[in-house]
Structure formats: C-alpha cells, structure tokens
Protein chains: 2
Amino acid sequence: MAQKDYSIKTETLARFAKALGHPARITIMKYLAQRTECYCGDIQEELPIAQSTVSQHLKELKDAGLIQGEIQTPKVRYCINRENWDYACQLFDDFFGTQLCNKGDKGCCES
Amino acid sequence: MAQKDYSIKTETLARFAKALGHPARITIMKYLAQRTECYCGDIQEELPIAQSTVSQHLKELKDAGLIQGEIQTPKVRYCINRENWDYACQLFDDFFGTQLCNKGDKGCCES
DNA sequence: ATTATTTATCGTATCTTTGCGATGAATTTT
DNA sequence: AAAATTCATCGCAAAGATACGATAAATAAT
C-alpha cells in the first residue's frame with residue numbers, strides 16, 4: 001500500500017472509461033456524435049433494448065458528465081457535453097498516446 | 001429495436017473501456033507502461049488494496065487482452081499485450097478523434 | 001526436510017449493473 | 001375531458017463486480 005488513494009486524474013479517467021464500458025452506451029455516444037438532432041426516442045430505435053433500459057444508460061452517461069439533456073416536452077433532446085467530452089478525450093489521449101502508445105518502443109516482454 | 005446486436009467493433013471497444021473502468025486497473029496499466037521490469041509484487045506495492053484483489057484485477061486485464069503474464073517462478077512478469085493494446089488505442093482514437101473530438105464543430109446543443 | 005516467497009484461486013459478503021414491465025408526470029392531440 | 005405521446009422512475013430479479021482473508025501451488029532458501 002504505497003498510496004492511500006488514487007489520483008484525481010486516475011479516478012476521472014476510470015470513471016469515463018466505466019461509463020463507456022457498455023456497447024449500448026458506445027452506440028449512444030456514436031449516434032449523438034453523428035447528428036445535430038438527437039432526441040431520446042431516436043436513440044431508442046437504434047438499440048435492441050427496452051425503453052426503460054435506454055433511459056438508464058442515458059442517465060449513466062449523464063451522471064458521468066458525457067452527455068446532457070434538455071427537456072423540450074414531450075421530447076427530450078440529448079447531446080454530448082462538449083466540455084467534459086473534450087476532457088475525456090484529452091485524458092484518454094494522455095493515457096494511450098503519451099504513456100502507452102509509443103509504437104516505436106519495444107514492450108517489456110518483447111525481445 | 002433497429003438492430004438485434006451491436007457491431008463487433010462496438011462490443012470490442014466497450015470491452016476495453018470496461019476493463020479500464022477501475023482506478024486500480026488504470027494505475028496498473030500506467031505502471032506497466034513506465035517500466036521494462038514489471039513483476040506482480042511491484043504492482044501490489046503501488047496499490048491500496050489486498051494482494052488477492054490485485055490478482056483479480058490483473059486477471060481482468062488479462063481476460064480483456066490488455067496485458068499478459070509470463071511465469072518466472074516464484075515471480076510472475078507482467079506486461080502490456082502490445083498487439084491488443086495498439087488495437088485498443090486505435091479504436092479509442094477512432095471513437096474520440098474521428099467521431100467525436102472535432103473541436104472545430106459545434107455541438108448539437110451549442111447555439 | 002522445513003520454511004519462506006510469490007502468486008492464483010476459493011469462499012464469502014456486499015454492492016453495483018443490467019434488464020424488464022409497470023407506473024407516473026408532463027404535455028399534446030383528438 | 002379523454003386519449004395518446006414521450007420519457008423518467010420504481011420495483012424487482014438476475015448476474016456481475018469488488019473486496020477480503022484463507023488456502024493452495026510451485027518453487028527457492030535455509
């Protein structure tokens with residue numbers, strides 16, 4: 001036990017990763033990225049799961065800060081939360097790119 | 001229900017994201033990336049959790065294909081699985097970069 | 001031979017996730 | 001006013017994740 005806790009960056013990255021750790025939520029994010037119109041109902045039609053389950057996944061993405069919803073009754077317009085998304089993008093970039101994705105380097109198990 | 005299933009790429013990306021969805025596992029990957037020597041015991045000293053729990057996290061990373069272990073009794077040498085890691089890197093790049101991280105574009109909720 | 005070291009696995013407890021149908025809230029349409 | 005639309009939430013069940021200590025397995029050291 002070298003450290004009592006994980007760093008904030010590590011916690012945040014893990015949180016984003018966890019939010020993306022389900023195919024339904026990946027699909028939702030991809031869908032939201034492709035349109036300017038993004039109502040909840042449209043998302044449901046893209047997914048092989050019940051409406052209530054979609055709503056839960058949307059809630060998780062919202063709780064993770066990756067999307068936001070704007071009520072336009074009776075519909076709800078969802079979209080990517082740019083600020084947090086860009087931060088997630090940056091954290092993943094740091095993680096993969098700078099730290100691990102140096103393709104020129106040899107891995108520790110490669111001789 | 002437009003489609004019965006998710007695409008393989010989507011499933012794979014979600015699987016990688018899920019594996020990274022815990023601060024202990026993020027810490028492990030960062031640690032492995034920084035050294036050429038990477039024995040199991042060293043990893044445990046970096047984490048604020050019990051040995052058996054670390055072993056479980058290592059197993060999950062291994063199951064997801066992100067790392068691999070080589071027995072050098074009595075120790076076990078762990079390292080990043082380059083092939084799969086690079087693929088994960090690419091999938092995340094596509095997801096963030098091409099699809100969502102176009103910072104010049106306006107989001108659908110930004111006026 | 002016995003003991004120590006290192007790691008995986010087992011058993012267990014608790015919490016979280018994933019999923020569904022049913023219901024409720026807030027409108028809009030008829 | 002009544003019915004339909006849209007979405008969130010509740011209640012529930014099943015499965016998975018997270019954590020721990022104890023134990024096993026496989027060697028190395030004494």
Side-chain angles (χ1 to χ4, degrees), chain A residues 1-6 10-11 13-29 31-32 37-64 66-79 109, chain B residues 1-6 10-11 13-29 31-32 37-64 66-79 109:
Chain A
M1 291 199 203
Q3 54 206 28
K4 275 222 152 59
D5 266 322
Y6 304 104
T10 295
E11 294 267 14
L13 180 54
R15 189 176 161 77
F16 285 139
K18 191 175 185 179
L20 296 174
H22 192 287
R25 296 196 289 269
I26 293 285
T27 304
I28 290 170
M29 294 308 294
Y31 186 83
L32 289 184
E37 290 289 311
C38 36
Y39 292 99
C40 184
D42 302 329
I43 296 169
Q44 285 167 25
E45 285 173 10
E46 291 296 305
L47 297 172
I49 51 181
Q51 178 264 324
S52 59
T53 308
V54 174
S55 220
Q56 264 180 250
H57 284 302
L58 287 169
K59 181 167 161 31
E60 277 179 65
L61 289 170
K62 204 160 49 176
D63 288 348
L66 294 177
I67 65 173
Q68 60 202 47
E70 183 192 336
I71 298 170
Q72 293 182 357
T73 37
K75 295 190 174 185
V76 174
R77 180 182 175 130
Y78 274 102
C79 58
C109 285
Chain B
M1 293 198 202
Q3 54 206 27
K4 275 223 153 60
D5 267 321
Y6 304 105
T10 295
E11 295 267 15
L13 179 55
R15 188 175 161 79
F16 284 140
K18 191 175 185 179
L20 296 174
H22 192 287
R25 296 195 289 269
I26 293 284
T27 305
I28 291 170
M29 295 308 294
Y31 186 82
L32 289 184
E37 290 290 308
C38 37
Y39 292 98
C40 184
D42 303 329
I43 296 169
Q44 285 167 25
E45 286 172 10
E46 292 295 307
L47 298 172
I49 51 181
Q51 178 265 323
S52 58
T53 309
V54 173
S55 219
Q56 262 180 251
H57 284 302
L58 287 169
K59 182 167 162 29
E60 277 179 65
L61 288 170
K62 205 161 50 176
D63 288 349
L66 293 177
I67 65 173
Q68 59 201 48
E70 182 191 336
I71 297 170
Q72 294 183 357
T73 38
K75 296 189 172 186
V76 175
R77 180 183 176 130
Y78 274 102
C79 60
C109 284

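Just so it is clear, the model here is predicted, and its values are computed rather than measured. Chain naming here is simple, since letters A, B, ... match the order of the sequence lines and numbering starts at 1 in each.
For the pair B/Gln44 and B/Cys40, the minimum side-chain heavy-atom distance is below 4.5 Å.
Here the shortest heavy-atom pairing between A/Thr10 and B/Ile26 reads CG2-CG2, 3.7 Å.
Judged by distance alone, with hydrogens and angles left aside, A/Gln56 brings a side-chain donor or acceptor within reach of the base of C/dC20, the pair sitting under 3.5 Å.
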request  = For A/His57 and A/Thr53, run side-chain contact (heavy atoms from CB on, under 4.5 Å): C-alpha distance rounded to whole Å, both residues' side-chain angles, the deciding distance at 0.1 Å, then the answer.
outcome  = CA-CA 6 Å; A/His57 284 302; A/Thr53 308; 4.0 Å; yes
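As a whole-Å value, the separation of A/Ile71 CD1 from C/dA26 C1' is 9 Å. Separating the CD1 atom of A/Ile43 from the P atom of D/dC7 is a distance of 9 Å, rounded to the nearest angstrom. Put simply, CD on A/Gln72 is 11 Å from P on D/dC7, counting in whole angstrom units. Rounded to an integer number of Å, the gap from CZ of B/Arg25 to C1' of D/dT18 is 9 Å. Rounded to a whole Å, the CZ atom of A/Arg77 is 23 Å from the P atom of C/dA26. The separation between B/Arg15 atom CZ and C/dT17 atom P is 19 Å, rounded to whole Å. If you take CD of A/Gln51 and P of C/dT18, they are 17 Å apart, rounded to a whole angstrom.
Note that CD1 of B/Ile28 is 8.0 Å distant from CZ of B/Arg25, once rounded to the nearest 0.5 Å. Atom CG in A/Leu58 sits 11.0 Å away from atom CG in A/Asp63 (nearest 0.5 Å). Here CD1 of A/Ile67 is found 6.5 Å from CE of A/Met29. Values are rounded to the nearest 0.5 Å.
Between D/dA17 and B/His57, no contact under 4.0 Å exists linking OP1 or OP2 to a side-chain N or O. OP1 or OP2 of D/dT18 has not a single side-chain nitrogen or oxygen of B/Thr53 nearer than 4.0 Å. Contact between the side-chain N/O atoms of B/Tyr78 and the OP1/OP2 oxygens of C/dA8 is found at a separation under 4.0 Å.
In the set D/dA8, C/dT7, D/dC20, the nucleotide with an atom closest to the side chain of B/Tyr39 is C/dT7. Picking from C/dC20, C/dT5, C/dT9 the nucleotide with the shortest atom distance to the side chain of B/Ser55 gives C/dT9. Side-chain atoms of A/Ala50 lie closest to C/dG21 of the nucleotides C/dG21, C/dT27, D/dA22. Nearest nucleotide to the A/Leu58 side chain, out of C/dT18, C/dT7, D/dA8: D/dA8. Relative to the side chain of B/Lys75, the nucleotides C/dT6, C/dA26, C/dC20 differ in distance, and C/dT6 lies closest. Comparing D/dA8, C/dT7, C/dC20 by their closest approach to the side chain of A/Lys62 singles out D/dA8.
Of the possible polar contacts, none joining the B/Ser55 side chain to the B/Gln51 backbone as a donor-acceptor pair under 3.5 Å is found.
Each of B/Lys59 and A/Glu60 was matched to the nucleotide of DNA chain C holding its nearest heavy atom; the match closer to the 5' end belongs to B/Lys59.
For residues 16-23 of chain B, proximity to DNA chain D is found at B/Lys18, B/His22, defined as any non-hydrogen atom under 4.0 angstrom from a strand atom.
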